[in-house]
Amino acid sequence: MFTFKPIPSVESETRLLSIPSLRASWPDALIAFFFFAMPSIKIMGEALFLAMAVAGLYLYWQGPRLVLPKRIWCLAASLAALLVLKALSLFWAADLQLAGRDVATHLHLLLFTPVLILLMRATHPWRAALTGITAALLFCGGWAIVHALYVEDVIRHRLEVGAQNALILCAIVVPYTLWLSLVWLRSRQTLILLAVLAGWLTVAVSASRTPFLVLLLLSLVIVFWYFRRLPRVWLASLLIFGAAISVALYTPTGKSSTLAISVQVQRALTEIEQYNSNAVSDTSVGNRLELWAIAREAFWEAPWLGHGAGSAPTLVKQYAPEKSSRMLKHHFHNQYFQIATELGAVGLLLLATLLAAAWFALRASSSLITESAAVFLASTLLLGVTSIFLKQGLLNTFFIGSLSVLCAAAIHNAPSKRVVKAIL
């Protein structure tokens, strides 16, 4: 039988793994490097994810074969169901080439179980992930400092590090920063605090408005939750936090500008005013508002099953008004409009089922894993308002990889020591 050690203490859950510990367990080392590589090294995160899936299939074939809890299989089934619906939409999609490419992009959804099988071999899956996350944020923070000092216009030349663009970078860095914030509140480790500050700096210098607001909102929620029984400490923390943000918004960067996020906030207000006055999408915010208007119109044309996978570019061309600018892209900059237009109300239902299954699979664990799962799902839902988390290769990799390591940690730390059995 496959058995687990006693539930780890809070101290052991939050302590980073040392280099000798990583050398002693190759699955732990692989997890740490995977979470370091995703925002830091181009293509490496996706390559490692594929390698882990192949290794997981090999381990399952070699045995002993793990029998996972039912809640994990429900999550795996919900992921597969979304992919199956996308594949079935090939029958009613207008452009088979675009639809086939979109289905291929979402094959990550089938790799959840193989990756989880590999991660279950790790001794400390979540501690290994936190080790890689800390290194990644320190690396990105250092890159952000150099970027802010030597790039003349940080708005035009966005910080990307190892991601494809600034929004993808922030979609990874925001959950990283929130996870380490939870760890620091428990452990007070200096290195963790430096990594959290590096995460904040990375998001700010990237000039991404929504990720910054999501990070700010969920950080306040974390502080409120942690100090909910100490109102004076909570109030003092809130005041200090607000003062720090106010100072940061007017910190000089580059050669002549303030911190990128303050410039972007003012720019967003101006762009909304411009769009409301003439409804021309010649700005970033105006572009999104117009895309969302197109998505609403397209959804009501096929409300139940949508227009098929990968149909967004075709729909934009079909429904965009003549005065639309060249900024219109191949997706709707909104996860929910994207699913609604491509897969209809059925797709939205499957997406809701997927997120609910993820929560029920992760909540029955230690407090740190449960809270980490909560902030991950919350940040994913909020970031999905202006971006997509199930469309692009690296974001799919991050989403499924994070679910896998959280599930592995939840199983390891479950109250019952015999959650998983092995068939010899």
Test: R188 cationic atom under 6.0 Å from W184 six-membered ring centre, within 45° of axis: yes
Sequence neighbours excluded - side-chain hydrogen bond (donor to acceptor under 3.5 Å, both in side chains) pairs with any residue from residues 339-358: K86-E342, Q338-E342
Under the ring pair (Phe, Tyr, Trp, His ring centres under 6.0 Å) test, residues paired with F36 that sit two or more places apart: F139
Enclosure of K317 NZ (heavy-atom neighbours >12, cutoff 6.0 Å): no
Contacts of E46 that satisfy salt bridge (Lys or Arg N to Asp or Glu O under 4.0 Å) - sequence neighbours left out: none
Residue from L216, T210, L217 passing side-chain contact (heavy atoms from CB on, under 4.5 Å) with V214: T210
Residue pair L182 / S372, side-chain heavy-atom distance below 4.5 Å: yes
More than 12 heavy atoms from other groups under 6.0 Å of CG on L96: yes
Partners meeting salt bridge (Lys or Arg N to Asp or Glu O under 4.0 Å) with D28 (sequence neighbours left out): none
Geometric class of the W179/F35 ring pair [parallel <30°, tilted 30-60°, perpendicular >60°]: perpendicular
Qualifying residues under ring pair (Phe, Tyr, Trp, His ring centres under 6.0 Å), relative to F49, sequence neighbours excluded: H108
Within residues 297-310 or reaching into it, pairs that qualify as side-chain hydrogen bond (donor to acceptor under 3.5 Å, both in side chains) - sequence neighbours excluded: none
